[in-house]
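Structure first, commentary second.
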Amino acid sequence: MTQVGIIGAGPAGLLLSHLLHQQGIASVVLETRSRDYVERRVRAGVLEQRSADLLTSSGVGERMRREGLVHDGISLRFAGEQYRIDFRKLTGRGITVYGQQEVVKDLIKQRLADGGEIWFETEVTAIEGIGGDHPRIQYRRNHDPASLECDFVAGCDGSHGVSRTKFPSPSGGGHGGGSRVYERTYPFAWLGILAKTPPASDELIYAYHERGFALHSMRSPEISRLYLQVDADETMDAWPEARIWDELRVRLDEPRLHAGEIVEAGITPMRSLVTEPMQRGRLFLAGDAAHIVPATGAKGMNLALADVKALAEALTAWYRSKSRDLLDRYSDSCLRRVWRAEQFSAWMTGLLHRDPAGDPFDHKLRLSYLRYIVTSEAAATTLAENYVGFEGA
Ligand code: APR
Ligand code: PHB
């Protein structure tokens, strides 16, 4: 028995458990993977300023402040031209580049130091009784089935988790039980590598090229994170290392990029998805379990952290005063921010990717829009204020 049963030890589940602990609320985090696996899983790495501030104000931002790379802008490249979008000048804010698995490591370390319960290698198989006051999480640990009773269940188990099965599936028409799923797929994916090579640029480079999109990001002065747009059905077999580096140099227009040892490589599909509402009875979804954004806008981890901040506040209000008010409004309070990020991510994706079936007219429109962004302060501000995190949503 615990107060809040949290499924998933990603950024969402771990930060929620930390924030609840700070309010004296007990939780158990159930995670199907091992600690080693979740600490090594390479994902995105851009924190909006408010996400970095949240980690700092809740006492888990010390290493991020030491090792994270604060960036005041990004570079946009297209048609042989390059421009800088100056976030600091346009918005007064910046971003911090710090890998998601570093956030995960910091949170696990803090939770364990505080005596927190994280049950690794524990697969949740079902959630029962969410319509009543004592929902139960069914799980399997060392092959033995067992169940955990709690007051509330937080579904922080990502896009392939078990919590989503309590909501309509997108392929099932998107309707059911008063909730709805909105979804969009894209005809391309991202091939991502993590490589032991110094970044060729101080800031992220977003490149639009006739051959497709490319992104140059980084994790440290020695490690680069690089992405290429590939077709949705492509596999790594088609991408020997030499081809990856050649393609990156061409699309990024960056001959200085040195091929280094590739320590991780994989292909990630691009998808947009929103579940409305993000709650049912005593089950509350947060992070990727509730919504997915294509990675172009770098919003995934930021949305996850903002969701659990709201959820922790709502649960705290419930335990303090038994008021369900904030809990009832949890989904509404998240969805405006979620949809802002969805629109921005879909827009950035459309702006920077080559549609495999697209015609030359689309290509010309994209180039014109990119030129508009780099010559109009109003257009550049639109990109900048959404990238650093629009706070009016
Ligand atoms: N039982 C227990 N754990 C599960 C189950 C299950 N049945 N299904 C999934 N999980 C775990 C996964 O192994 C994973 O560790 O839930 C966790 C979900 O974590 P994330 O996928 O990282 O999702 P979230 O915490 O919402 O993070 C959101 O961070 O870096 C980004 O790309 C990432 O956008 C995503 C964001
Ligand atoms: C990353 O560093 O992994 C990264 C950066 C920006 C993005 C996506 C991923 O838009």
Side-chain angles (χ1 to χ4, degrees), residues 44-49 68-97 186 188 190 192 197-219 221 224-229 245-258 270 293-299 302 340-341 343-355 358 360-390:
V46 173
L47 291 167
E48 295 173 352
Q49 187 141 340
L69 308 166
V70 175
H71 287 190
D72 289 340
I74 55 166
S75 171
L76 275 186
R77 294 194 182 171
F78 54 93
E81 301 161 34
Q82 51 175 298
Y83 301 88
R84 178 163 189 264
I85 305 292
D86 190 332
F87 295 158
R88 189 71 61 184
K89 190 177 109 216
L90 294 165
T91 70
R93 285 175 292 148
I95 52 161
T96 302
V97 180
Y186 300 86
F188 38 75
W190 277 16
T197 190
S201 150
D202 290 340
E203 293 180 336
L204 271 65
I205 306 169
Y206 283 81
Y208 173 63
H209 192 277
E210 279 172 315
R211 300 170 67 94
F213 169 72
L215 170 62
H216 185 340
S217 181
M218 63 219 55
R219 288 295 176 268
S224 298
R225 178 84 172 134
L226 298 139
Y227 297 96
L228 284 171
Q229 172 186 352
W245 290 110
D246 287 346
E247 198 66 25
L248 282 167
R249 287 192 198 99
V250 170
R251 293 193 199 175
L252 291 167
D253 194 13
E254 192 50 78
R256 282 175 300 169
L257 184 64
H258 292 296
M270 301 288 267
V293 281
T296 327
K299 292 283 167 245
N302 296 291
R340 176 91 303 282
Q343 188 279 331
F344 174 65
S345 305
W347 174 78
M348 275 279 273
T349 302
L351 179 68
L352 291 164
H353 289 71
R354 191 182 63 87
D355 183 342
F361 195 88
D362 287 332
H363 174 62
K364 290 288 187 184
L365 290 182
R366 263 185 214 114
L367 288 177
S368 171
Y369 205 156
L370 283 162
R371 286 206 178 92
Y372 177 51
I373 289 172
V374 298
T375 46
S376 150
E377 187 166 319
T381 304
T382 293
L383 191 159
E385 72 181 359
N386 280 282
Y387 198 98
V388 300
F390 183 60

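Only this structure's heavy atoms are used, side chains among them; waters, hydrogens and symmetry mates stay out.
Residues satisfying the side chain to side chain contact (heavy atoms under 4.5 Å, CB included) criterion with Tyr372, sequence neighbours excluded, are Tyr369, Ser376, Ala379. The side-chain hydrogen bond (donor to acceptor under 3.5 Å, both in side chains) check on Gln49 picks up nothing, with sequence neighbours excluded. By the side chain to side chain contact (heavy atoms under 4.5 Å, CB included) test, Leu257 pairs with Ala200, His216, Leu226, Trp245, Leu248, Arg249, Leu252, Glu254, sequence neighbours left out. Under the side chain to side chain contact (heavy atoms under 4.5 Å, CB included) criterion, Val374 pairs with Leu76, Phe78, Tyr83, Ile85, sequence neighbours left out. For His209, the side-chain hydrogen bond (donor to acceptor under 3.5 Å, both in side chains) criterion is met by no residue, not counting sequence neighbours. When the side-chain hydrogen bond (donor to acceptor under 3.5 Å, both in side chains) test is applied to Thr296, the partners found at least two apart in sequence or on another chain are Thr349. Considering only residues two or more places apart in sequence or on other chains, Asn386 meets the side-chain hydrogen bond (donor to acceptor under 3.5 Å, both in side chains) condition with Arg340. By the ring-ring contact (aromatic ring centres under 6.0 Å, His included) test, Phe390 pairs with no residue at all, sequence neighbours left out.
The stretch residues 370-387 participates, sequence neighbours left out, in these salt bridge (Lys or Arg N to Asp or Glu O under 4.0 Å) pairs: Glu81-Arg371. Among residues at least two apart or in separate chains, there is no salt bridge (Lys or Arg N to Asp or Glu O under 4.0 Å) pair with a member in residues 345-354. The stretch residues 198-209 participates, sequence neighbours left out, in these salt bridge (Lys or Arg N to Asp or Glu O under 4.0 Å) pairs: Arg84-Glu203. Residue pairs meeting the salt bridge (Lys or Arg N to Asp or Glu O under 4.0 Å) criterion with at least one member in residues 207-216, sequence neighbours excluded: Arg211-Glu247.
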